[in-house]
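A quick write-up on the structure given underneath.
Indexing begins at 1, ligand by ligand and atom by atom, following the structure's order.
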Amino acid sequence: MKLFLLSCIITLSFAQDINPRKFPPNFLLGVANAATQIEGGWNEDGKSESIWDHFAHNFPEKIADKSNADIACDSYHKYKEDVALIKAMGLNHYRLSIAWTRVLPTGRTDNVNEAGVQYYKNVFKELRDNGIIPMVTLYHWDLPQILQEEMGGFMNESIADLFGDYARFCFETFGEDAKWWVTINEPKQVCQVGYGAGRYAPGIKSNGVGDYVCAKNLLLAHARAWHIYDEEFREKNQGKVAIVVDGSWAEPGSDNEADKAASERALHFGVGLYGNPVFNGDWPELVKQRVAERSKLEGFSESRLPAFTDEQIKYINGTSDYLALNHYSTMMASDSEAPIGQPSFDNDISARSWAKPEWTPTSQWWFYDLPWGLRKFLNWLKNTYNNPEIVITENGYVDNDDTLEDDRRIHYLRGYLSACLDAIYEDKVNLIGYTAWSIMDDWEWTGGYSSFLGMYKIDFKDPDIPRIKRKSAGYFTTIAHNRCLIDLDKCIE
Ligand code: BGC
């Protein structure tokens, strides 16, 4: 009897943890990846060098294992195998990106690389033949190196027109196949890490100054692409275009007002810098005020955060047909003093990011398996941006161990998917899709081949670059088939 009671309690607590509802009928359930990280063929058939090719080739010391993406998963040749895996998993969508350098090697429309265009047409055909919906990112960090050299990339306002031309080219060429578009992936990583801290390509160190210039130009570039779609393609192709924002949830470090304010600052500088102009118009007020105040104290004649004109505010506002979110983790945020002096994005935020000692450590200092953070984040986005349609465009488990028995990944996926169901059914968040990162291990930027997020392991040392099934691939397959996280017969419609 005692044993029976105990097992009831265990089953009950398990059942309480995992939401028993089914995913809604049209819910998108898929996996993601990006051109640089999987394709390889970095200079094949007319592809030009991107800023990440250049960065890895010239500064290998900046990549954890000194590697590059020259071959990566060889998806340039193995895309049919990749699509077959996605199909076998029973997934209904695949987020992939187009390499600007593969279709327009000069970065401009004067020189179309037909072989590159044909590659993506082949990929789209393969997806279509297998009933998988593509979600296509135009810019997943791989600016043509020549544009960085010729005009300074995102530091130059004319990037908006160049990106617009590239976007129009893709909408025209692939618009019949692709209805879900993402303009730019994770602008914060592009600007704050690429043009501010300088840890990512193109490696520009202009913290607290150049990163804000980049942010403004990037938003104008995104808006340009959205308007082009809206005016020239929407009626014909009936698709949707969004920008991806990324961030960790910032949980207030205590009930103090100061810590609550620190959490809001972390969110508004992190996500709001890009989300607010697109969903509400203009930079978030608290970001504007804070950077202006600090700039003045630092002796600048005007704010380091460049202002938008009224016309630009209007042009950018409303340019996301859904909210695309990349989310991996949660951290605590407490108020902290940041000295006036050296301008820096982090000093502008002045929030200390920390982890609770009871949280299970992982291979990364910033990464914890805390699904409640995703649920809070989704609610924050719902309330801050007027209840938009939301697609989670990335979420997944980072490991430095490439084991096939990836129970930690399964634990993470189960918890985060359950948090999605809670958000949908309990909180009425308008969440319409979930995309796991990633279908397979890949080249993880500065993490090289030493950071693993795949449901399939890639043996990068084997010349055939085989895809090897992990336990989590089986788990995700069952979910995709059942569309539910618990036993099918106990699942609630
Ligand atoms: C990026 C991906 C990357 C993932 C995991 C995201 O920031 O969009 O390209 O692989 O994080 O590190």
Item to complete: Check each atom of ligand 1 against the heavy atoms of H140 and keep those under 4.0 Å away; list them by number with element.
Response: 1 (C), 2 (C), 8 (O), 9 (O)

Worksheet entry | Aromatic Y76 / basic R102 pairing, under 6.0 angstrom, 45° off normal | yes

Worksheet entry | E394-ligand 1 polar pair, N/O distance under 3.5 Å | yes

Practice prompt. Please state whether N185 comes within less than 4.0 angstrom of ligand 1, counting heavy atoms only.
Written response: yes

Fill in: Closest protein heavy atom (residue, atom, distance) for atom 7 (O) of ligand 1
E186 OE1, 2.6 Å

Worksheet entry | Residues Q118 and N122: side-chain donor-acceptor under 3.5 angstrom | yes

Item to complete: Among all protein heavy atoms, pick out the one at the shortest distance from atom 9 (O) of ligand 1; state its residue, atom name and that distance to 0.1 Å.
Response: Q37 OE1, 2.7 Å

Item to complete: May I ask you to identify, for Q189, whether its side chain, its backbone, both or neither come under 4.0 Å of ligand 1 on a heavy-atom basis?
Response: neither

Discussion item. Salt bridge or not between R467 and D82? Use side-chain N to carboxylate O under 4.0 Å.
Written reply: yes

Worksheet item: For atom 5 (C) of ligand 1, what's the nearest protein heavy atom and its distance?
Response: E444 OE1, 3.3 Å

Discussion item. As an exercise, state the distance from OH of Y119 to NE2 of H77, rounded to the nearest 0.5 Å.
Written reply: 9.0 Å

Fill in: Min N/O separation D442 to ligand 1 under 3.5 Å
no

Practice prompt. Please name the residue in the list D401, D399, D441, D407 that meets the salt bridge (charged side-chain N to carboxylate O under 4.0 Å, His left out) test with R470.
Written response: D441

Discussion item. Within the structure provided, determine whether Y94 and V31 are in side-chain contact (heavy-atom separation under 4.5 Å).
Written reply: yes

Practice prompt. Indicate whether the side chain of N430 and that of N387 have a donor and an acceptor atom separated by less than 3.5 Å.
Written response: no

Discussion item. I need the nearest protein heavy-atom contact for atom 4 (C) of ligand 1: residue, atom name and distance, please.
Written reply: Y328 OH, 3.3 Å

